[in-house]
Amino acid sequence: MMNLALQQSPNAFTQPHAPEHRVTELIIPWSQQSALLLPMLRFLGNEDDQRWLTIISHGSISQAWLRQQGLNPRSIRVIRADSPESALWMTWEALAAGNSHTVVAEINAESAITAEMEQAASIGNCRALLVKGNLH
């Protein structure tokens with residue numbers, strides 16, 4: 001009987017294809033954010049993609065700062081958020097728009113928000129790196 005079931009459905013015991021996760025969350029102490037994020041931003045800024053690396057930040061990231069850090073400001077779009085709520089909205093919009101290959105955003109989001117960001121990243125066929133600060 002079992003052989004018959006296997007013959008009818010040879011993939012009966014294989015796992016289904018897992019959905020692709022497009023959102024990654026990083027919890028980094030504020031004091032170490034630059035040291036840990038800059039290498040990632042350099043890598044992402046040099047990606048062979050015609051779309052933007054978009055950075056959504058509360059800070060004072062500028063084109064001059066990007067150049068000082070060895071980043072290519074022509075492939076990076078910086079959006080300043082003036083509140084946590086606007087950062088969430090801007091991140092969702094940037095992900096869903098499809099004109100960024102990666103969106104890096106400084107947000108403190110709950111799991112429910114992360115699921116919404118996953119949906120937006122899927123719509124826009126891009127990735128997200130959500131950076132959460134930690135005071136420890």
Query raised in the report: When you look at CH2 of Trp65, are more than 12 heavy atoms from neighbouring residues, nucleotides or ligands closer to it than 6.0 Å?
Result: yes
Query raised in the report: Can you tell if the side chain of Thr91 reaches within under 4.5 Å of the side chain of Ile79, non-hydrogen atoms only?
Result: no
Query raised in the report: Where do Asn46 and Leu71 land on the side chain to side chain contact (heavy atoms under 4.5 Å, CB included) test, with the steps shown first?
Result: CA-CA 8 Å; Asn46 290 323; Leu71 299 164; over 6 Å; no
Query raised in the report: Atom CG of Leu95 and atom OG1 of Thr54: how far apart are they, to the nearest 0.5 Å?
Result: 8.5 Å
Query raised in the report: Can you check whether Ser75's main-chain N or O pairs, donor with acceptor, with Trp52's side chain at less than 3.5 Å?
Result: no
Query - salt bridge (Lys or Arg N to Asp or Glu O under 4.0 Å) pairs, two or more places apart, involving residues 50-74 - result: Asp49-Arg51
Query raised in the report: Roughly how far apart are Ile76 CD1 and Leu41 CG, rounded to 0.5 Å?
Result: 6.5 Å
Query raised in the report: Going through the distances and angles, do Val23 and His21 end up as a side chain to side chain contact (heavy atoms under 4.5 Å, CB included)?
Result: CA-CA 6 Å; Val23 176; His21 293 285; over 6 Å; no
Report task. Indicate yes or no for a side-chain donor-acceptor contact from Ser100 to the backbone of Val103 under 3.5 Å, with no hydrogens or angles considered. Result -> no
Query raised in the report: Measuring from Ile107:CD1 to Met90:CE, what's the distance to the nearest 0.5 Å?
Result: 12.0 Å
Query raised in the report: What's the spacing between Leu53 CG and Leu66 CG if we round to 0.5 Å?
Result: 9.0 Å
**Report entry** Val104 side chain reached by Val131 side chain, heavy atoms, under 4.5 Å
**Finding:** yes
Query raised in the report: Hey, mind stepping through Val78 and Ile56 against side chain to side chain contact (heavy atoms under 4.5 Å, CB included) and telling me if it holds?
Result: CA-CA 6 Å; Val78 178; Ile56 299 174; over 6 Å; no
Query raised in the report: For Glu93, what residues pass the salt bridge (charged side-chain N to carboxylate O under 4.0 Å, His left out) criterion, not counting sequence neighbours?
Result: none
Query raised in the report: Tell me the salt bridge (Lys or Arg N to Asp or Glu O under 4.0 Å) pairs involving residues 38-47, sequence neighbours left out?
Result: Glu47-Arg127
Query raised in the report: Should Arg77 and Ile55 count as side-chain neighbours, where that means a heavy-atom distance under 4.5 Å?
Result: no
Requested in this report: Would you check if the side chain of His58 reaches a backbone N or O of Glu106 as a donor-acceptor pair within less than 3.5 Å?
Outcome: yes
Report summary line: Tightest non-hydrogen contact, residues Leu36 and Met40, listed as O-CE, 3.3 Å
Requested in this report: Flag the pair Arg22 and Glu118 as a salt bridge only when some basic side-chain nitrogen lies within less than 4.0 angstrom of an acidic carboxylate oxygen.
Outcome: no
Query raised in the report: Is it true that atom CD of Gln50 has more than 12 heavy atoms of other residues, nucleotides or ligands lying nearer than 6.0 Å?
Result: no
**Report entry** Distance, nearest 0.5 Å, that separates CG of Leu44 from CG of Leu129
**Finding:** 7.5 Å
Query raised in the report: Atom CZ in Arg80, atom CG in Asp82: separation rounded to 0.5 Å?
Result: 11.5 Å
